[in-house]
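One structure below.
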Amino acid sequence: MDAAFERAVLAQLLAIPPGRVSSYGVLAALAGYPRHARHVGKLLASAPEGAGWPWFRVVSGSGHIARPGTPQADYQRLLLEEDGIELGRNGRIDLRRYGWPADFMR
DNA sequence: CACTTGACGTCTT
DNA sequence: TAAGACGCCAAGT
């Protein structure tokens, strides 16, 4: 993707309040690129660890942490819990409680 | 040009 | 509610 896409997505990512989470699809839509959820994932996957981006506040639309079973998933779960986010049974996040923006998650 | 590959999402069973 | 099929779209081969 181009630089404009990256800037737009990053802006939305940084807008997520601590203690809340958003999803790839929602981020893409808010950034002005509907149906580009996979591209948001690609972007975050390539995000340098040292960039300081709150990439861990992004989960799938169903509240699942991406790529379950990988070290990355365990790490994200840790960061989220540190952020005060409780994972329900099955390692699922309740988006009705932690989702952001609230009106998007109903 | 045809086909595959994703940190995904929606609709049907 | 859970699991599968299908759809999506830019990039890579």
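First the proteins, then the strands, lettered A, B, ... as listed; each starts at 1.
If A:R92 and A:P34 are placed on DNA chain C by their nearest nucleotide, the residue sitting closer to the 5' end is A:R92.
The NE2 atom of A:H36 sits 13 Å away from the C1' atom of C:dG7 (whole-angstrom rounding). Whole-Å rounding puts the A:L44 CG to B:dG6 P distance at 16 Å. For the pair A:H64 NE2 and B:dG6 P, the computed distance is 20 Å after rounding to whole Å. Regarding A:Y33, its OH atom lies at a distance of 14 Å from the P atom of C:dC9, rounded to whole Å. One can place CD1 of A:I16 at 13 Å from C1' of B:dA7, the figure rounded to the nearest angstrom. In this structure, the NZ atom of A:K42 is 12 Å from the C1' atom of B:dT4, given to the nearest Å.
Of the residues in residues 74-91 of chain A, those placing a heavy atom less than 4.0 Å from an atom of DNA chain B are A:Q76, in numerical order.
Looking at heavy atoms from C-beta onward, A:Y24 lies in side-chain contact with A:L44 at the 4.5 angstrom threshold. Contact check for A:R57 versus A:P18: side-chain heavy atoms found under the 4.5 Å cut-off. Residues A:L79 and A:P54 fail the side-chain proximity criterion, which asks for heavy atoms closer than 4.5 Å. Within the 4.5 Å cutoff, side-chain heavy atoms of A:P101 are placed close to those of A:L30. With a 4.5 Å cut-off on side-chain heavy atoms, A:F5 and A:V40 count as touching.
A:V21 pairs with exactly one of A:I16, A:L80, A:D94 by the side chain to side chain contact (heavy atoms under 4.5 Å, CB included) rule, that one being A:L80. Paired with A:L27 under the rule side chain to side chain contact (heavy atoms under 4.5 Å, CB included), one option of A:L43, A:V58, A:L10 passes, and it is A:V58.
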Decide side-chain contact (heavy atoms from CB on, under 4.5 Å) for A:H64 and A:R92; before the verdict, give the C-alpha distance in whole Å, the side-chain angles of both, and the deciding distance to 0.1 Å. CA-CA 5 Å; A:H64 265 118; A:R92 189 99 78 91; 3.5 Å; yes

Could you walk me through whether A:V59 and A:Q76 pass side-chain contact (heavy atoms from CB on, under 4.5 Å), step by step? CA-CA 10 Å; A:V59 298; A:Q76 179 168 11; 4.0 Å; yes

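The C1' atoms of C:dT13 and B:dA7 are separated by 22 Å, rounded to the nearest whole Å.
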What one-letter contact string describes nucleotides 8-13 of chain B from 5' to 3', where B marks a base within less than 4.0 Å of any protein heavy atom, S marks contact via sugar-phosphate atoms alone, and - marks no contact? BS----

